[in-house]
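To keep things clear, I will list the structure first and then write my remarks on it.
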Amino acid sequence: MTMVIMLMAHNLLRRQSLHSVIQQALAVQSPIIIDGAMATELEYRGVDTTSELWSAIALIQAPQSVRDVHEAYFEAGANIAITDTYQANIAAFEKCGISHEKSERLIGTAVSAALEARERYRRHHVNADDAFVNDSFPNYARPLLVAGSVGPYGAFLADGSEYTGDYHLSAAAYRDFHRRRMQILSESGIDLFAFETMSNIGEVQALIGLLSEDFSDREAWVSFSLSDSGHLCDGTSLETAATVADACPQISAIGVNCVQPELVTDAIGHISAVTAKPIIVYPNNGDVYHPDTKTWTSCADALSLSDLAPRWVEAGASLIGGCCRTSPTDIHNLAQAFHQ
């Protein structure tokens, strides 16, 4: 009977909500650590991500590499893995000649890769759930969650539109575009949704409506793509967008991602002005992206995540990670900055 109770408690721990995880982390003054870039690490492992499917091509060509990247981030100290589904939607797969049925399976493959990485990490670290990163808080279980990435419609366009927000669909069309991917993510075992790199307020409103109506038992975070520290790429005030997200009880964190690090501190101020919900930030590494050529200009003198993150925590961030061009080393250094 004792073993049954222990197993039930262990399973309950694994199903913790984002809200409860954040509250526990804050109780010990520890930010939750998000993982880093997927495509950058896949490229490092020899996967060519230059197609319209971007990192989602690995779900076809190298699903084991996706799992290995997730596991590397857990090993580095990440608490949350984001699935390789940012660009993985049925319309994108079908555009590349993949059948509807196989497209659905590939989205499930992305979730399986993250879940398997989490289980492999747990098997290799039998006490992984017994302490939060180190032994300082032995009664606080380290959360290991899987967030299902829901990238914007602009990512499907594969022309950099997620960095302009210059696209327009009806609310019904946005919902139809996102619904089946979200259904598969939910059915496959994610812990929450990640509405990320959101640059268009109309799409954000449609997604929140879809979450409320079709996924009433699920949580999500919303993170915005910015043109400057106070505006979404489509020109919407960040405070206005954060207010929209704040009004939905199922949105458990609000923030920014895939932005330049120097925008983050001011962005946190705009968000915290209109919401008391936890703030999530996971910027790029400081290199500059050129959507027209899909190339990067390196910024050798950019400060690291571990250098900047204490400022972001002081400003009010509760969840911190990395986006494009960041690596497991960056996440390791970030985790160590708070948990050593």
Worksheet item: Relative to the ring of Y174, is the ring of Y167 parallel (under 30°), tilted (30 to 60°) or perpendicular (over 60°)?
Response: perpendicular
Taking atom types as modelled, is there a side-chain donor on [X] or [Y] under 3.5 Å from an acceptor on the other?
{"X": "H125", "Y": "E75", "value": "yes"}
{"X": "Y73", "Y": "E41", "value": "no"}
{"X": "S149", "Y": "E196", "value": "yes"}
{"X": "D84", "Y": "S55", "value": "yes"}
{"X": "S186", "Y": "R218", "value": "yes"}
{"X": "E162", "Y": "S199", "value": "no"}
{"X": "D246", "Y": "T243", "value": "no"}
{"X": "S65", "Y": "D68", "value": "no"}

Item to complete: Indicate the atoms forming the closest heavy-atom contact of V204 with M198, along with that distance.
Response: CG2-CB, 3.6 Å
Fill in: Smallest separation among heavy atoms of I331 and L305, with atom names
CD1-CD1, 4.3 Å
Mark yes or no for whether [X], through its side chain, and [Y], through its backbone, hold a donor-acceptor pair below 3.5 Å.
{"X": "S212", "Y": "I208", "answer": "yes"}
{"X": "H124", "Y": "R120", "answer": "yes"}
{"X": "R181", "Y": "T85", "answer": "yes"}
{"X": "S272", "Y": "G269", "answer": "yes"}
{"X": "T109", "Y": "R105", "answer": "yes"}
{"X": "T326", "Y": "C323", "answer": "yes"}
{"X": "N200", "Y": "G165", "answer": "yes"}

Worksheet item: For F177, which residues count as a ring pair (Phe, Tyr, Trp, His ring centres under 6.0 Å) partner, sequence neighbours excluded?
Response: Y153, F156
Item to complete: Test L238 against I271 for side-chain contact (heavy atoms from CB on, under 4.5 Å), laying out the working first.
Response: CA-CA 7 Å; L238 180 53; I271 296 168; 3.9 Å; yes
Side chains of residues 251-258: which donor-acceptor partners sit under 3.5 Å, not counting sequence neighbours?
| from | atom 1 | to | atom 2 | distance (Å) |
| --- | --- | --- | --- | --- |
| S252 | OG | E219 | OE1 | 2.3 |
| N257 | OD1 | T197 | N | 2.7 |
| N257 | OD1 | S223 | OG | 2.8 |
| N257 | ND2 | T197 | OG1 | 2.9 |

Worksheet entry | Min side-chain heavy-atom separation L53-I60 under 4.5 Å | yes
Discussion item. Salt bridge check, E213 against R175: does any charged N sit closer than 4.0 Å to a carboxylate O?
Written reply: yes
Worksheet, complete the sentence: In this structure, CZ of R179 is separated from CD1 of I184 (nearest 0.5 Å) by 13.0 Å
Worksheet item: In Å, rounded to the nearest 0.5 Å, how long is the span from OG1 of T49 to CD of Q61?
Response: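 Spacing of OG1 (T49) from CD (Q61) equals 10.0 Å.
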Worksheet item: Around E262, counting heavy atoms of other residues, nucleotides and ligands shown, do more than 12 lie under 6.0 Å from its CD?
Response: yes
Item to complete: Would you please test D330 and S327 for side chain to side chain donor-acceptor pair (under 3.5 Å) and show each step?
Response: CA-CA 5 Å; D330 294 314; S327 68; 3.2 Å; yes
